[in-house]
Every structure is written in structure tokens, then in C-alpha cells.
Amino acid sequence: MSFRRESRVPKGGPDGGDGGRGGDVALVCDDSLRDLQFFRRTAHFKARRGGHGRGALRQGADGELLEVRVPPGTGALLEDGTRHDLVAPGQRAVVARGGSPGRGNKHFATPTRQAPRFAERGLPGEEGWVELRLKLLADVGLVGLPNAGKSSLLSRLTRAQPKIADYPFTTLEPVLGTIDADDRQLVLADIPGLIEGAHEGAGLGHDFLAHVERTRLLVHVLDLAPIDGSDPVGNHATIERELAAHDARLAALPRILALSKVDLVPPADAARAAAAWRERLGEDVPVLPTSSATGEGLDDLRRALLERVPLAPPPEVPEVAGLAEHQVFRPAAARGFQVERLDDGRFRVAGQGIDRLVLRYDVENEEAMAHLERRLKRIGVIQALEDAGFAPGDDVEIGGVEFELDPS
Ligand SMILES: Nc1nc2c(ncn2[C@@H]2O[C@H](COP(=O)(O)OP(=O)(O)OP(=O)(O)O)[C@@H](O)[C@H]2O)c(=O)[nH]1
Ligand SMILES: [Mg+2]
């Protein structure tokens, strides 16, 4: 509430500006994220309130939008049942609207009330719990023969704890782990070992080749000294053949060759083997000697993964992209209201729209009350109260606020 005050204008009119709208809280899909770990530590998010309106019709600033970043594949379920699927980077979904602003006293000036000494209050914004669920898509697939050391690598590169044992087919289902870098995350999938004929259903690997289909890079894990005495060159060819036979797209994915268990062979042999593989595969495929036992080569592998996996939108999702943004569901403000006579003689009016109306005004302010009473009369609330036995001066409760209603 404000009045114009200037030396040349002795009786300036009302000039209180409107308040600013409260800030919204929105989820934003961010392709540098891969998991929801952040929300273990932080569960409350609050946007800023709008600024107060001020004199000279200055409007209060709108509260800033608060953006909460989530990884691609996040589904958000709101308390009212609204669902948002955040799949495409940059996609945004407002999950809580800021409160609507109150209008300044200028707005309430009429020919008969030229100096309104009240203004509207802003309303509280929406609040509630949002359930986040993530459908994880792997960026990197670890492929190789059974017992090659894939799960061991996953356990050293990420916090995942897959089962590891000295027999083939230890891993029965894909296990995912996340590598955290400063500015992004990567999801690694440990795939059950592939064997010859996997693309036709042999072994366990078959069912899981589908999981690597959507990755962006494969790490071929190759045991330098297999216990069965088999030849690494032949083993490598077997896996590559299975990948190609399953899907041409898989065969075309970029590769890293991780020579595993180098601690088991003399260093000179390991170096010779690595050189031979580099020769064989050419410069497009990095060849990295690694050991999950000693940690050798693991930093190099981590670095190579972060370098080589492109930051790009996950495949096969864009049609839905525009959807969630427009999918915001607003229950129509309930228009009806009910009048109830309480045992102690008070009256209670219930209705969402009416509650919001009453919250707008200061019941201690007589002018504001007179204005509110006129509005209640126009909506039909006073009539309904009278039908229920109300007499001017009785106490009324609306929206949790109790006051004496005395419409003249
Ligand atoms: N010495 C040594 N042993 C290793 C290394 N990596 C894995 N192993 C051993 O090799 C065996 C197989 O390892 P896993 O990580 O379970 O192999 P995998 O490729 O996941 O096997 P499947 O799940 O059966 O396909 C286990 O006994 C591991 O302890 C390594 O770097 N050095
Ligand atoms: Mg395994």
C-alpha cells in the first residue's frame, strides 16, 4: 500500500505497485548426469519468493525459477498423479508453481473509494513431494568371454559390487555402475560373458546383447592368460564375431580393448602383447593393459572412457521430448463452496477458490474486509450463509481464518 507524495501534489492518489510472482521449481534434464545420488543428500528445494510491490507503481520482481537438474531417463511423479518423463537434454518440467502475486492498492481505487488503505497479499506457492525414478541407460558396455575379468573391472572403476568368482558365468544379469567425473557421469554395464553362438542363443550372453545395443562404446575385456589355455587372438575374434552377428550397429560401436589380468604375465610379455594388439587393431582402438588386482592401467581406462564417450542425447527418445513440457496438469481451481453450521454456532465456508480469496486480505483491516465482504456477496457466499441461519456479526471460518463477518 502506498500513496503518491510530492510537494506539488498535496493529495496524491494510491500508487502501490503489484507484488512479484513467486519462483517456480522445475526439473531440467541434464545429459552430464547419470544417477540420482545427489538427492540422497539434498531433498528440499525452494524457489525464491516474489518481491514486494512498492510505491510509484513499481512492481515487485518475480522470484527466480529454481532449476533442479536430473539425468536423462528420470520419471517424476507428483502428488496429484501428474507424471513427467525427462528424456531429452534441456527438457524442463515445472513441478511446483510459485505463488500468485498480490495487487497493490492502486488496483482497488474506485470513484467512491479513491484512497484504498489496503492491498492484496500474495499467495503461497505450490509445495509437495516429487518421486523421482530413473531408468538407467548404459553409456558403456563391458563385453568379453566368461571369466575375462569384466565384473572385476566394474568393481574397480565404479562403486558397484558385482559378484566375482573364478568360474565362467558368474554374472547372470547385467550390473550397472557409475563413474563420476568433475563435470559428468558415465554408466557402465557389466554384461554376462558371451560365448560362441551367443547371437543364436548359446550361453547367457544372448539375452543381454540387447542391453549393449544402446550403449555408445564397448570395452572388450580380453584375458591375456586364460586359465583354459585358449588363444587370446581366437578369443577376441569369437567375441567380435558374435557382436557383428547380433547386430551391425553393435559391430560399428567404438571400442576400447582392455587387456585384463596383466599382473599374471611377466611385464615384458604384457608389453609385447599390447604392441601386437595395437598393430592388429590400428589407431582407432586404444589398447590398455589393465589389472584389477594391482590397479594398473585403471586410471588410463577411466580417462579413455570419459574422453571417448560422446556427450549426446540418448538414442530413440526424441518424439516424447516436447511432451512433458506441455503435460503440466493444473486442476481447475475448484469453483464451488459449501457452507456448514458448526455446533458452537459458528459457520464454516469450505471451497478452494474461497480459501484463496480470503488469504488475500488482512482481516484486521476494515477496508480490506469491506472489500472482501462485497466479493463474498457477489459470489453468493453471503446468501448461502444467510440460508444456513447466519446473522450479521456471527463468526465465520474460511480457509482456516476466523473472523466476524458483518456485511452491511
Ligand atoms: N590376478 C588377477 N585376477 C583377476 C583379475 N581380474 C579378474 N580376476 C579373476 O578372474 C576371475 C573372473 O573374474 P570376473 O571379474 O568374475 O570375470 P567376468 O568376466 O565377470 O566373468 P563372468 O561374469 O563369468 O563372465 C575371478 O577369479 C577374478 O578374481 C586381475 O586383474 N588379476
Ligand atoms: Mg562377471
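Ligands are counted one by one from 1 in listed order, and the atoms in each one are counted from 1 as well.
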(request) Check the angle between the aromatic planes of H236 and H220 and answer parallel, tilted or perpendicular using the 30° and 60° thresholds. (result) parallel

(request) Measure the acute angle between the ring planes of F108 and F118, then classify it against the limits of 30° and 60° as parallel, tilted or perpendicular. (result) tilted

(message) Has Q383 got a side-chain atom pairing as donor or acceptor with G380's backbone, closer than 3.5 angstrom?
(response) no

(message) Donor-acceptor pair, distance only, cut-off 3.5 Å: does the side chain of R58 make one with the backbone of G55?
(response) yes

(request) Return the protein residues near ligand 1 (heavy atom under 4.0 Å from any of its atoms), ordered by chain and residue number. (result) P146, N147, A148, G149, K150, S151, S152, I164, A165, D166, Y167, P168, F169, T170, T171, G193, K261, D263, L264, S291, S292, A293

(message) What I want to check is whether the side chains of S32 and D183 have a donor and an acceptor closer together than 3.5 Å.
(response) no

(message) Would you say the Mg ion (ligand 2) has S151 as a near neighbour, meaning an N/O/S atom of that residue under 2.8 Å away?
(response) yes

(request) Give a yes or no on whether a salt bridge exists between E64 and R48, defined as a side-chain N under 4.0 angstrom from a carboxylate O. (result) no

